[in-house]
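All remarks here apply to the structure that follows.
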2 protein chains.
Amino acid sequence: MRETTIYDVAKEAGVSIASVSNVINGKGKVSAKKREEIRAVMERLNYRPNVLASALMGKKTYTLGLLVPDVANPFFAEIARLVEDHAHQAGYSVIACSTDNKDERIERYIRLLKRKRVDGLMIGTGLGGSGALSQLKEKSVPLVMIARGSDLLPASSVLTDDRSGGAGAARHLLGLGHRRLAVLAENAKVTSSKDRVRGFREALAEAGLKLAEADILVCETSVADGERAAGELLRRPDRPTALFCCNDMLAAGALRAAKRLGIRVPGGLSVVGFDNTILAEVTDPALTTIAQPLDRIVGKALELLIGEPEAGGPERRRFVMEPELIVRESTAPPPDAIG
Amino acid sequence: MRETTIYDVAKEAGVSIASVSNVINGKGKVSAKKREEIRAVMERLNYRPNVLASALMGKKTYTLGLLVPDVANPFFAEIARLVEDHAHQAGYSVIACSTDNKDERIERYIRLLKRKRVDGLMIGTGLGGSGALSQLKEKSVPLVMIARGSDLLPASSVLTDDRSGGAGAARHLLGLGHRRLAVLAENAKVTSSKDRVRGFREALAEAGLKLAEADILVCETSVADGERAAGELLRRPDRPTALFCCNDMLAAGALRAAKRLGIRVPGGLSVVGFDNTILAEVTDPALTTIAQPLDRIVGKALELLIGEPEAGGPERRRFVMEPELIVRESTAPPPDAIG
DNA sequence: TTGAAAGCGATACCAA
DNA sequence: TTGGTATCGCTTTCAA
């Protein structure tokens with residue numbers, strides 16, 4: 001049984017396909033009477049316009065691309081879900097792509113998504129080498145950066161105030177009385193991580209403390225590597241009493257390291273994570289962490305991506321949202337604190 | 001700058017579009033010489049066939065649909081990632097859809113995916129009421145069930161031997177000396193959960209133990225509800241010494257409940273999870289759990305979905321893969337064990 | 001072998 | 001208002 005097409009509807013309603021098309025798109029002039037008739041026929045025949053055909057004519061595909069490092073990572077999985085929901089609500093579906101931060105994958109995916117004529121790209125991953133960048137700069141597809149910024153791209157971005165988040169973590173720890181602090185950072189190419197560290201460091205500076213380079217360890221994004229790095233820090237003679245980790249995975253790793261070394265958290269060590277993923281509620285102790293307002297971020301990003309392309313030229317804008325400190329069980333005053 | 005089309009190539013190569021089309025698809029007869037020339041031109045013009053146009057002619061869209069309850073759930077996030085990878089490798093992209101197990105969402109998504117003319121649907125979610133079922137039975141799109149079976153659908157399925165997984169959990173616990181066991185199950189509509197419980201119960205029976213209905217608590221899929229249910233079990237006077245949880249989230253909840261009640265794991269209580277998600281490595285103690293061979297499952301499912309549609313009729317087949325017990329830190333002999 | 005031409009299912013322009 | 005028709009980019013007969 002063939003799908004019913006616009007021709008079937010036209011024939012059944014005794015009109016031309018042009019008229020049917022017009023009522024579908026609410027364009028052109030169609031008399032109220034005809035319009036209702038056509039509507040009725042469409043209903044009766046359970047007619048659904050073929051997206052492919054109209055896309056071929058240069059209309060929307062109602063498909064969006066989402067680029068993230070890894071949808072299996074709880075943080076990005078959460079994002080993927082939110083994007084899906086917001087997009088779906090607006091009539092779009094989304095193709096999620098995990099880049100693994102590999103240039104080759106990034107470029108392949110961008111090429112693929114362009115060929116599929118997606119109506120927009122939501123980018124939540126680093127872009128690696130210049131290959132992807134130049135593919136994107138051609139402006140052949142609307143772009144928006146999410147939970148990340150980039151000056152190299154002609155795209156608006158909506159993200160968390162990472163610096164403020166880092167500062168919040170620092171103040172929380174400082175307020176508890178910590179003076180020897182260290183951080184587990186992500187790769188230097190991850191700007192959000194850099195900003196978090198910067199905010200953290202600035203807040204320390206305000207309190208008259210200096211964060212030495214040696215107290216910032218760069219990690220791969222994995223629990224295991226967080227454990228490794230934290231282990232390294234915790235074995236130092238003047239080991240820190242508090243750790244700020246640029247994401248919850250690293251924080252979870254830090255927790256494991258502490259446990260292995262027999263250091264109690266938060267008794268002997270405080271740990272702050274970032275992102276407030278599900279991991280934070282599952283570790284023991286549960287993680288104090290910085291929550292990003294993901295729902296709002298995604299909502300705004302989608303609005304920018306599929307909303308009216310701004311009559312006054314597509315200005316590149318940055319929307320920055322405030323993160324929130326979620327205090328759970330992994331932070332407390334330092335062991336040497338005087339009651 | 002317009003995309004180069006088949007016409008551009010044809011003109012440039014001084015042939016007809018039909019010949020170009022033929023070399024693209026490796027069909028029809030084209031002289032070796034012309035073929036090479038056309039190839040060269042395509043290369044030089046960096047020509048990429050428009051998927052939409054060829055899809056309109058009834059060819060593949062190279063897009064697959066994936067239906068799962070929630071891509072933000074670590075287990076399904078993992079699946080989504082694997083599906084993405086396997087699909088991508090085969091030249092397909094995938095639209096992931098979170099159903100929340102809600103009939104309305106399920107039906108909407110199926111309709112949407114059909115309209116987008118996806119080449120296949122990978123189903124890893126319950127199908128709810130009959131609405132979705134009848135939409136799917138029309139056989140308008142290839143189907144495969146993943147990590148789940150269904151007799152109601154004309155689709156092959158590839159899944160874990162859940163019964164065996166449940167039995168494995170039971171034997172592990174039995175072997176440690178546990179005699180008072182209970183389980184945290186998922187909703188009765190989730191067949192995989194039912195099978196896990198069945199396997200668990202059968203293994204107990206083999207050992208001469210009976211699992212009472214009262215010792216099986218049905219939970220929502222969330223850490224919080226696992227905590228709630230486990231709390232209920234653990235407050236009983238004859239509380240169990242071991243808990244089998246039908247997924248890692250519930251197990252994580254059980255760990256929290258135990259902690260809140262001052263029961264040590266594994267000293268005072270053993271907990272076994274299911275799925276071997278990232279949660280299992282992050283809890284403290286790390287979870288002993290049953291791992292599903294997801295990579296193989298997804299690989300096989302994809303093969304069924306996009307492979308040759310089997311000349312001998314599309315027989316419904318079931319592929320069952322063996323799960324594996326991963327022993328971590330959450331299981332030990334019961335507290336009253338002798339020696 | 002090759003290519004002209006008829007679709008595929010919409011949109012859009014332009015006469016009527 | 002209507003409807004005829006070209007068009008989008010590709011596949012597929014079917015003559016030549």
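The model shown is predicted, which means the values in this text are computed figures rather than measured ones.
- Not a single donor-acceptor pair under 3.5 Å links the side chain of A:R111 to the backbone N or O of A:Y109.
- Ion pairing of A:K300 with A:D295 is absent here, as no side-chain N (NZ or NE/NH1/NH2) approaches a carboxylate O to less than 4.0 Å.
- Sorted by residue number, the list of members of residues 41-52 of chain A with any non-hydrogen atom under 4.0 Å from DNA chain D is empty.
- The pair A:K114-A:E138 meets the salt-bridge criterion, since a charged nitrogen lies less than 4.0 angstrom from a carboxylate oxygen.
- The side-chain hydrogen bond (donor to acceptor under 3.5 Å, both in side chains) check on A:D151 picks up nothing, with sequence neighbours excluded.
- End-to-end axis angle of the helix from C:dT1-D:dA16 to C:dA16-D:dT1, from C1' rotation axes over five pairs per end: 50° (rounded to 10 degrees).
- Looking only at side-chain heavy atoms (C-beta outward), B:V94 and B:H88 stay at 4.5 Å or farther from each other.
- Salt-bridge annotation for A:E78 and A:R81: absent, with no side-chain N of the basic residue lying under 4.0 Å from a carboxylate O of the acidic one.
- Ion pairing of A:E12 with A:R44 is present here, as a side-chain N (NZ or NE/NH1/NH2) and a carboxylate O approach within less than 4.0 Å.
- Nearest-nucleotide positions on DNA chain C for A:K59 and A:L56 put A:L56 closer to the 5' end.
- Contacts with DNA chain C (heavy atom under 4.0 Å) in residues 14-23 of chain B: B:V15, B:S16, B:A18, B:S19, listed by number.
- The span of DNA chain C lying next to chain B, judged by atoms under 4.0 Å from heavy atoms, is bounded 5' to 3' by C:dT1 to C:dG9.
- Nearest heavy-atom pair, B:A80 versus B:L66, reported as atom, atom and distance to 0.1 Å: CA-CD2, 3.8 Å.
- Running 5' to 3' along DNA chain D, contacts with non-hydrogen atoms of chain A at under 4.0 Å begin and end at D:dT1 to D:dG9.
- A salt bridge links B:D85 with A:R105; the closest basic N to acidic carboxylate O contact falls under 4.0 Å.
- In terms of heavy-atom proximity, A:I146 sits nearest to A:V298 at CD1-CG2, 3.7 Å.
- Atom CZ of A:R316 and atom CZ of A:R318 lie 8.5 Å apart (nearest 0.5 Å).
- Between the side chain of A:D8 and the backbone N or O of A:T5 there is at least one donor-acceptor pair closer than 3.5 Å.
- For the pair A:L136 and A:I123, the tightest heavy-atom approach, listed with the atom from each and the gap, is CD2-CD1, 3.7 Å.
- No salt bridge links A:E37 with A:K34; every basic N to acidic carboxylate O contact stays at or beyond 4.0 Å.
- The pair A:K59-A:D119 does not count as a salt bridge, with every side-chain nitrogen at least 4.0 angstrom from each carboxylate oxygen.
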